[in-house]
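Report on the following structure.
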Amino acid sequence: SAVISQKPSRDICQRGTSLTIQCQVDSQVTMMFWYRQQPGQSLTLIATANQGSEATYESGFVIDKFPISRPNLTFSTLTVSNMSPEDSSIYLCSVEGTAPRETQYFGPGTRLLVL
Amino acid sequence: EDQVTQSPEALRLQEGESSSLNCSYTVSGLRGLFWYRQDPGKGPEFLFTLYSAGEEKEKERLKATLTKKESFLHITAPKPEDSATYLCAVRDNYGQNFVFGPGTRLSVLP
């Protein structure tokens, strides 16, 4: 398994501002994923971030709104830009582990409230 | 398109009352089926990975089974600390992504 940390753990932001969420992993991983989980809902994939390439975004998510960086094999950031109350969610970082294979491990999440 | 449904949406059990959660899936070649537990305000915690029909995995009071169309998470003699949302996800042979079901909210009453 992998140990994943996220910063901040929670934040309250004003409409129109941006927030950058950091994800740090204790080992080198190829694939990192960013998810959004709105209140009472399941997980929705925002994008997949591989080191050395542009992030791949899912339908309904665009780079201008959710820019992602992946500077190395242990770190990634997700920025939520020009926020509105509809962006209030938990944002989760995850990585694909090797044991067991194909398995995904999650960070603790960042709880965002936009006023 | 891969799809995952879970039932029931919510389940309330008395402590010690065994039951099962269902995860039904449609996928183009199963690469893996995953069960997670999620407590309020926290990230999902990995429980099991199943790769092929007939496979079973166990951990304490939990046992996961897999067929070609569905997976069950059996909870034997649950305790209040088993209360959580249980998520099922699949990954197919053609994509890199995971598709999550809506989850089952389990409450175990003392």
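Side chains are part of it too, since the values below use all heavy atoms of this structure and drop only hydrogens, waters and symmetry mates. Just so it is clear: chains get the letters A, B, ... in the order the sequence lines come, proteins before strands, and each one is counted from 1. Model, not experiment: these values are computed from the prediction.
Your options are B:Lys42, B:Glu45, B:Gln38, and the one with the most heavy-atom pairs under 4.5 Å with chain A is B:Gln38. In terms of non-hydrogen atom pairs under 4.5 Å with chain B, the most contact-rich of A:Ile90, A:Thr103, A:Ile4 is A:Thr103.
Annotation: side chain of A:Ile63 is not in contact with side chain of A:Phe61 (no heavy-atom distance under 4.5 Å). The shortest distance between side-chain heavy atoms of A:Leu112 and A:Leu19 falls below 4.5 Å.
Only the side chain of A:Thr48 comes within contact range of chain B, with heavy atoms under 4.5 Å apart. Only the side chain of A:Gln37 has a heavy atom closer than 4.5 Å to any heavy atom of chain B. Using a 4.5 Å cut-off between heavy atoms, B:Phe34 contacts chain A through its side chain alone, with no backbone atom that close. Looking at B:Phe48, neither its backbone nor its side chain comes within 4.5 Å of chain A, counting heavy atoms on both sides. For A:Leu45, the part lying under 4.5 angstrom from a heavy atom of chain B is the side chain only.
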- prompt: Checking side chain to side chain contact (heavy atoms under 4.5 Å, CB included) for the pair A:Tyr91/A:Val80: CA distance, chi angles, key distance, verdict?
  reply: CA-CA 10 Å; A:Tyr91 290 85; A:Val80 186; 4.1 Å; yes
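A salt bridge links A:Glu96 and B:Arg91; the closest N-O separation between the charged side-chain nitrogens and carboxylate oxygens is under 4.0 Å. Under 4.0 Å is where a charged nitrogen must lie from a carboxylate oxygen, and between A:Asp87 and A:Lys65 at least one such pair does.
Note on ring orientation: taking the six-membered ring where Trp is involved, the planes of A:Tyr105 and B:Phe46 are perpendicular (angle over 60°, cut-offs 30° and 60°).
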